[in-house]
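One structure is given here, and the rest of the page talks about it.
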Amino acid sequence: MVIDTQADPHDLIEAALQRNRASANLLETLHCMSFKDADVQDIPHITHALYLLTQDGCDLLQVAQQRMLGWKAPV
C-alpha cells in the first residue's frame with residue numbers, strides 16, 4: 001500500500017480506522033461461524049485479508065503519528 005506521507009494526519013487516522021473496523025468486523029464474523037462448515041481453503045484467505053487490513057491500519061497510524069509529531073517519514 002502506498003501512503004501519502006504528506007496527507008493530513010486526520011485523513012490518515014480515518015483510513016486506519018476504516019481498515020481496523022473492517023478487520024474487527026471480519027474477526028467478529030469468524031467468531032460467530034463454525035469452521036466445520038467452512039472450506040479449509042478459505043482459512044488462509046481470511047487470515048491473509050485480516051493481516052493486510054491490520055498491517056495497513058498500523059502503517060497508516062504510524063505515518064499519522066510521525067506527521068503529528070513533525071517527524072520526517074523514512075524514505
Side-chain angles (χ1 to χ4, degrees):
M1 178 173 153
V2 178
I3 300 173
D4 179 2
T5 58
Q6 299 305 309
D8 185 288
H10 295 95
D11 293 336
L12 294 169
I13 291 170
E14 182 59 34
L17 286 171
Q18 289 174 346
R19 281 151 183 82
N20 288 341
R21 279 188 209 110
S23 182
N25 289 342
L26 185 51
L27 280 170
E28 184 177 352
T29 299
L30 286 175
H31 174 74
C32 294
M33 67 183 268
S34 171
F35 279 105
K36 67 179 179 167
D37 299 328
D39 188 336
V40 174
Q41 294 177 347
D42 289 338
I43 296 170
H45 297 155
I46 293 167
T47 56
H48 184 70
L50 282 167
Y51 170 77
L52 289 176
L53 287 167
T54 304
Q55 188 61 54
D56 285 354
C58 289
D59 291 346
L60 285 159
L61 286 173
Q62 183 178 17
V63 173
Q65 180 185 40
Q66 290 171 350
R67 294 274 294 131
M68 292 174 85
L69 296 175
W71 297 347
K72 278 194 152 188
V75 178

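Worth saying up front: this structure is predicted, and the values here are computed from it rather than measured.
- In this structure, the separation between NE2 on His48 and CD1 on Ile46 is 13.0 Å, given to the nearest 0.5 Å.
- What you find for Arg67 and Ala7 is that their closest heavy atoms are NE-O, 3.0 Å.
- Scanning both residues, Met68 and Ile13, for their nearest heavy atoms gives SD-CD1, 4.0 Å.
- When all heavy atoms of Asn20 and Gly57 are compared, the closest pair comes out as OD1-CA, 3.9 Å.
- A distance of 7.0 Å separates CG of Asp56 from CD1 of Ile3, quoted to the nearest 0.5 Å.
- Listed here is the closest heavy atom pair of Ala64 and Pro9: CB-O, 3.9 Å.
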(message) Between Asp59 and Gln55, does the side chain to side chain contact (heavy atoms under 4.5 Å, CB included) criterion hold? Intermediate values first, please.
(response) CA-CA 6 Å; Asp59 291 346; Gln55 188 61 54; 2.9 Å; yes
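- Atom-to-atom distance recorded for Arg21:CZ and Leu53:CG is 13.0 Å, nearest 0.5 angstrom.
- Note on Leu26 and Ile43: same hydrophobic cluster, where clusters join Ile, Leu, Val, Met, Phe, Trp and Tyr whose side-chain heavy atoms are under 4.5 Å apart, directly or indirectly.
- With hydrogens and angles ignored, the 3.5 Å screen pairs a side-chain donor or acceptor of Thr29 with a backbone N or O of Asn25.
- Across all their heavy atoms, Thr54 and Ser23 have their closest contact at OG1-OG, 3.0 Å.
- One finds the CG atom of Leu60 at 10.0 Å from the CG atom of Leu17 (value rounded to the nearest 0.5 Å).
- To the nearest 0.5 angstrom, Leu50 atom CG is 6.0 Å from Leu30 atom CG.
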